[in-house]
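Have a look at the structure below before the remarks.
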Amino acid sequence: MNKHKIVIIGSGFSGICIGIKLKKAGIHDFIILEKASKLGGTWRENSYPGAECDIPSALYSYSFEPNPEWKHVWSKREQIFQYQLDVANKYNLMPHFRFEQTVKSAEWKGKQWLIQTQSGTHEAQHFISAIGQLHELSTPQFKGSDKFNGHQFHAAKWDHSVDLSDKRVSVIGAAASAVQLIPEVAKIAKHLTVFQRTPNWMMEKPNRSYTRFERWLSATVPFFNKLYRGLLYLLADGVLYPALKGNKVAAWFVKFKVKRNLNKHIKDPVLKSKLTPDYAIGAKRILFSHTFYNALSRSNVDLQTEPISGIDANSIHTETGQCIETDVIVYATGFITNPFFKSIEVKGESQTLAQAWKNGAQAYLGMHTNGFPNLHMMYGPNTNLGHNSIIIMIEAQANYICKIIRQLDKQGQSSVDVKHEAECAYNAEVQDRLNRMVFSAIETSWYMDNGKITNNWAGSTWEYRRRLDASHSSAYNFSHD
Ligand code: NAP
């Protein structure tokens with residue numbers, strides 16, 4: 001049995017961040033279990049062509065590690081992945097990683113967590129989940145898809161051995177991942193059919209390389225970085241968030257931007273109507289692309305909006321009887337986001353998380369659930385954003401978790417459990433607010449579990465950070481061995 005003060009699972013932005021913050025707090029007895037052979041989370045997994053961030057890198061990076069080397073305003077996946085590696089190396093995190101360790105279960109037993117991987121058990125006082133919300137692939141099983149003769153794979157498990165040039169390719173899905181890969185596939189495929197079930201609202205993303213002067217400025221005048229990040233932050237929290245909350249002026253502005261983007265790029269009225277959503281902006285994630293609409297206007301690209309009825313050896317069939325011959329199928333169909341911890345059984349004092357969350361996941365401040373002492377969740381229930389960089393939330397959570405662990409140590413106590421009443425009151429408030437936001441304007445999205453919005457935060461990142469800065473001692477029970 002391996003014994004550590006803290007066991008963390010996941011080595012993406014959350015896992016790296018909490019590792020750094022623990023070291024800064026003088027806590028070094030921790031390991032980070034990672035199922036893959038490299039760190040990086042979503043940026044390791046998603047290597048599809050065109051993968052890049054839809055949040056500008058000056059904001060989609062740690063506040064304590066600005067990177068003057070960003071090549072583009074919105075960075076390519078490769079540079080973000082390298083940034084994660086560089087930061088982990090800078091803070092000497094590598095000795096803490098245990099790669100190729102898939103966590104199967106975790107159980108709170110006798111004041112310790114017992115965390116089971118395929119190769120053994122780890123005992124720890126604290127268990128920190130940094131597994132993210134978007135890692136369980138969702139691949140719909142269409143009738144006959146197992147009979148398909150060509151290659152078929154999920155966008156997040158891109159098969160780089162398949163040469164798409166001169167092939168007839170079908171992409172199923174038309175959301176955040178799809179709009180990045182479709183323009184790249186369109187450049188090389190003989191023919192591309194995009195199967196869109198629901199259209200999405202889309203903002204322009206005028207990506208470009210930074211000039212040498214801008215990079216020089218960024219490297220030599222740190223204040224410039226702070227100012228630029230601050231402006232991006234204000235735009236996201238000050239304009240996009242109010243639009244999601246229902247502020248009429250902000251919502252009008254966002255609607256004006258998305259409609260102007262559509263009108264500017266799509267002239268064909270039939271195509272335009274297929275691409276125009278009938279739901280409120282922000283109910284599903286607003287997309288950002290500077291290339292998707294133009295790709296759809298290419299002569300080798302078709303947008304198919306008829307529902308898929310099945311797949312045979314060579315073709316995809318629609319419910320209206322169309323048959324689209326295809327050599328390769330790419331499933332850009334997203335992720336299973338509920339239940340949380342789908343592949344890991346987590347058992348607390350008396351029940352599993354699956355039992356505790358049978359009506360949908362919830363946690364105090366998105367981090368703590370009653371009956372699961374010393375389980376700290378990062379990017380947990382109701383902490384996803386539709387308007388700003390998730391790294392802001394992750395940093396706030398890492399600071400909070402370090403604060404609570406240090407508080408326990410200072411007081412000579414061993415465990416902390418959120419009070420049931422505090423958790424319920426917090427969640428009643430969050431659900432009440434979410435139900436008045438745009439996320440509730442549709443019946444289903446990856447933000448929901450059976451109609452309950454389990455994934456998204458209800459406020460601005462500013463509010464979340466302020467709340468986490470405050471003292472919450474009265475919301476917890478602390479105990480000795
Ligand atoms: P997603 O948003 O869940 O989109 C899945 C797409 O597949 C949707 O168009 C969906 O249609 C379609 N689909 C799913 N099941 C289908 C079925 N049975 N038949 C036909 N179509 C089906 O997944 P995603 O695009 O991978 O993005 C997920 C999240 O990852 C994003 O919201 C974002 O948070 C994150 N992401 C971020 C970036 C970034 O740049 N930072 C890039 C990619 C992804 P419906 O809309 O009708 O369900």
Side-chain angles (χ1 to χ4, degrees), residues 12-13 41-43 45-57 59-61 72-77 79-81 132-143 145 153-158 170-184 193-203 205 207 236 274-275 277-279 282-292 303-311 316-319 324 329-338 379 383-391 393 439 442-448 455-457:
F13 267 103
T42 197
W43 298 103
E45 295 293 294
N46 285 274
S47 65
Y48 57 77
E52 60 182 38
C53 194
D54 60 8
I55 305 276
S57 291
L59 197 54
Y60 194 84
S61 47
H72 302 92
V73 179
W74 284 269
S75 290
K76 311 276 173 211
R77 169 253 180 191
Q79 205 185 6
I80 301 171
F81 189 25
Q133 293 192 3
L134 299 160
H135 55 101
E136 298 277 355
L137 308 191
S138 172
T139 310
Q141 297 301 309
F142 295 105
K143 193 173 135 230
S145 57
F153 48 85
H154 192 282
K157 282 272 172 262
W158 195 266
S170 292
V171 173
I172 303 177
S177 301
V179 300
Q180 295 187 348
L181 67 91
I182 283 165
E184 298 306 309
T193 307
V194 176
F195 287 85
Q196 173 194 273
R197 189 165 63 178
T198 316
N200 290 287
W201 293 110
M202 186 176 301
M203 298 268 251
K205 177 177 154 189
N207 205 4
K274 285 181 175 179
L275 290 168
D278 62 0
Y279 56 84
K284 284 172 181 256
R285 188 179 170 92
I286 301 169
L287 306 185
F288 294 82
S289 173
H290 52 309
T291 49
F292 177 64
L303 181 68
Q304 178 59 255
T305 54
E306 301 302 332
I308 295 169
S309 60
I311 296 175
I316 299 180
H317 297 264
T318 70
E319 284 179 6
I324 292 99
I329 302 174
V330 176
Y331 295 88
T333 42
F335 302 87
I336 301 167
T337 52
N338 280 289
Y379 195 11
T383 61
N384 180 58
L385 300 175
H387 73 278
N388 207 332
S389 168
I390 193 64
I391 296 177
M393 304 291 274
F439 308 130
I442 48 173
E443 278 177 15
T444 179
S445 73
W446 73 254
Y447 301 155
M448 290 183 197
N455 292 71
N456 283 11
W457 164 233

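All values reported here derive from a predicted model rather than from experimental measurement. Counting starts at 1 for both ligands and their atoms, in listed order.
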| Among V171, T42, T198, which residue places a heavy atom closest to atom 45 (P) of ligand 1? | T198
| Hey, is the main chain of T318 close enough, under 3.5 Å, to the side chain of S309 for a donor-acceptor pair? | yes
| task | Determine yes or no for a side-chain-to-main-chain donor-acceptor pair under 3.5 angstrom, with W201 supplying the side chain and K284 the backbone. | result | no
| Under 3.5 Å, N or O to N or O, is W43 touching ligand 1 that way? | no
| request: Determine whether F335 and L137 make a side-chain contact, defined as any pair of heavy atoms from C-beta on separated by less than 4.5 Å. | output: yes
| remark: A student checking ligand 1 against G173 at a 4.0 Å heavy-atom cut-off should list atoms 6 (C), 7 (O), 9 (O), 12 (C)
| message | So, regarding A332 and ligand 1 (criterion: nitrogen or oxygen to nitrogen or oxygen, under 3.5 Å), is there a contact or not? | response | yes
| field | Side-chain donor/acceptor of T337 to backbone N/O of Q133, under 3.5 Å | value | no
| How long is the gap from CZ on F195 to CZ on F142, to the nearest 0.5 Å? | 9.0 Å
| Option with minimal heavy-atom separation from atom 48 (O) of ligand 1, where the choices are R197, K205, R77 | R197
| Any Y447 heavy atom less than 4.0 Å to ligand 1 | no
| Which of the ligand 1 atoms, numbered from 1, are nearer than 4.0 Å to a heavy atom of C53 | 40 (O), 41 (N)
| task | Please check if the side chain of Q79 supplies one atom and the backbone of R77 the other of a donor-acceptor pair under 3.5 Å. | result | no
| query | Does S389 reach the main-chain N or O of L59 with its side chain, forming a donor-acceptor pair under 3.5 Å? | reply | yes
| field | atom 2 (O) of ligand 1: nearest protein contact (heavy atom, Å) | value | A175 CB, 3.5 Å
| Which option, S177, P199, A178, P307, owns the non-hydrogen atom nearest atom 43 (C) of ligand 1? | S177
| query | Just one of R285, Q180, K205 clears the side chain to side chain donor-acceptor pair (under 3.5 Å) bar with D54, so which one? | reply | R285
| note | In short, N200 meets P277 closest at the heavy-atom pair C-CG, 3.5 Å
| query | If you count the atoms of ligand 1 from 1 in the order shown, which ones are under 4.0 Å from a heavy atom of E52? | reply | 39 (C), 40 (O)
| query | So is D54 polar-close to ligand 1, meaning N/O to N/O under 3.5 Å? | reply | yes
| said: Looking at E443, I want to see if its CD is surrounded by more than 12 non-hydrogen atoms of other residues, nucleotides or ligands under 6.0 Å. | reply: no
| said: Quick check: I308 and ligand 1, any N/O pair under 3.5 Å apart? | reply: no
| Top protein contact for atom 23 (O) of ligand 1, by heavy-atom distance | G334 CA, 3.1 Å
| message | Heavy-atom distances under 4.0 Å decide this one: backbone, side chain, both or neither, for T333 against ligand 1? | response | both
| request: Determine whether the side chain, the backbone, both or neither of W74 has a heavy atom under 4.0 Å from any heavy atom of ligand 1. | output: neither
| Can you find a pair of side-chain heavy atoms, one from W158 and one from P49, that are under 4.5 Å apart? | yes
| What do you reckon, does Y48 have a nitrogen or oxygen under 3.5 Å from a nitrogen or oxygen of ligand 1? | no
| query | Would you say F142 touches ligand 1, if touching means a heavy atom closer than 4.0 Å? | reply | yes
| message | Distance under 4.0 Å to a non-hydrogen atom of P140: what atoms of ligand 1 satisfy this? | response | 17 (C), 18 (N)
| query | Counting only heavy atoms, which portion of Q196 has something under 4.0 Å from ligand 1: side chain, backbone, both, or neither? | reply | neither
| Under 4.0 Å to a heavy atom of K284 - the qualifying atoms of ligand 1, by number | 45 (P), 46 (O), 48 (O)
| message | Any atom of ligand 1 sitting under 4.0 Å from a heavy atom of F195? | response | no
| Side chain of S145, backbone of Q141: donor and acceptor closer than 3.5 Å? | no
| field | Proximal ligand 1 atoms for R285, defined as those under 4.0 Å from one of its heavy atoms | value | 31 (C), 32 (O), 33 (C), 34 (O)
| query | Do the side chain of N456 and the main chain of Y447 share a donor and acceptor less than 3.5 angstrom apart? | reply | no
| request: Mark up the atoms of ligand 1 that fall under 4.0 Å of a heavy atom belonging to A174, in ascending order. | output: 9 (O)
| said: If the cut-off is 4.0 Å to any non-hydrogen atom of L134, which atoms of ligand 1 fall inside it? | reply: 29 (C), 30 (O), 34 (O), 35 (C)
| Side chain to side chain, N338 and M448, heavy atoms closer than 4.5 Å | no
| Any N/O pair A176/ligand 1 closer than 3.5 Å | yes
| Minimum-distance pair of heavy atoms, taken over all atoms of V194 and G173 | CG1-O, 4.1 Å
